[in-house]
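Here's the structure we're looking at; comments come further down.
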Amino acid sequence: MVVVRLARGGVKKRPFYSMVVADSRNRRDGKFIERVGFYNPRATGGEESLRIQMDRLTYWQSKGAQLSDTVSRLVKQFGRQQKAAQPQE
C-alpha cells in the first residue's frame with residue numbers, strides 16, 4: 001500500500017520532516033517515491049513552517065494513497081493557513 005507520511009531529518013533536538021509518498025513496507029526514513037512537502041516544527045520568525053504541493057497530494061490520493069494521521073492533521077492546518085492568507089472580499 002502507498003502512504004503519505006513524514007520522514008524525519010535534521011539533527012538531534014532540531015527535527016525537520018519531509019512529507020513523502022512511500023510504500024508502507026519501507027522504513028520511515030528510507031526509500032520513497034516522491035517528496036510532496038515539508039514540515040518544520042521549530043520554525044521561528046519569518047521562516048516557513050509548512051509547505052505542501054496540494055496538486056501532487058491530490059494526485060496520489062486519487063491513485064489510492066492513504067494519509068497518515070499526522071499528515072492529515074497537517075493538511076487541514078495548511079488549508080486553514082491558505083484560507084486565512086487569501087484577501088477578504
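- Distance alone, capped at 3.5 Å, places no donor-acceptor pair between the Asp23 side chain and the Val2 backbone.
- Of all non-hydrogen atoms in Asn40 and Glu48, the two that sit nearest each other are CB-O, 4.2 Å.
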Handout entry: Verdict with supporting geometry, Lys83 and Arg80, side chain to side chain contact (heavy atoms under 4.5 Å, CB included)
Key = CA-CA 5 Å; Lys83 190 178 259 187; Arg80 286 192 302 264; 5.7 Å; no
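- Within the model, atoms OG of Ser68 and CZ of Arg73 stand 9.5 Å from one another, a figure rounded to the nearest 0.5 Å.
- Taking CG of Leu74 as the start and CG of Leu57 as the end, the distance is 11.0 Å to the nearest 0.5 Å.
- The number of heavy-atom neighbours closer than 6.0 Å to CG of Asp55, taken from other residues, nucleotides and ligands shown, is above 12.
- Proximity of Phe38 to Ile52: side-chain heavy atoms (C-beta onward) are nowhere separated by under 4.5 Å.
- Closest non-hydrogen pair, Arg5 versus Val71, comes out as CA-CG2, 3.6 Å.
- Here the side chains of Pro15 and Pro41 are in contact, with some heavy-atom distance below 4.5 Å.
- Nearest heavy atoms, Leu50 versus Phe78: CD2-CB, 3.7 Å.
- One finds the CZ atom of Phe16 at 10.0 Å from the OG atom of Ser49 (value rounded to the nearest 0.5 Å).
- Contact annotation: the side chain of Val21 approaches that of Val36 to within less than 4.5 Å [non-hydrogen atoms, C-beta and beyond].
- Hydrophobic clustering (ILVMFWY, side-chain heavy atoms < 4.5 Å, transitive): Val4 and Tyr39 are in one cluster.
- The pair Arg27-Asp29 does not meet the salt-bridge criterion, since no charged nitrogen lies less than 4.0 angstrom from a carboxylate oxygen.
- Contact of the Thr44 side chain with the Arg42 side chain is not registered, since no non-hydrogen atoms from C-beta on lie closer than 4.5 Å.
- For Gln82, there are no side-chain hydrogen bond (donor to acceptor under 3.5 Å, both in side chains) partners at least two apart in sequence or on another chain.
- The OG atom of Ser18 sits 12.5 Å away from the CD atom of Glu34 when rounded to the nearest 0.5 Å.
- For Arg8, the CZ atom counts as densely surrounded, since its 6.0 Å shell holds more than 12 non-hydrogen atoms of other residues, nucleotides or ligands.
- Note that the CE atom of Met54 and the CD atom of Gln61 stand 7.0 Å from one another [nearest 0.5 Å].
- With values rounded to the nearest 0.5 angstrom, Met19 atom CE is found 5.5 Å from Leu6 atom CG.
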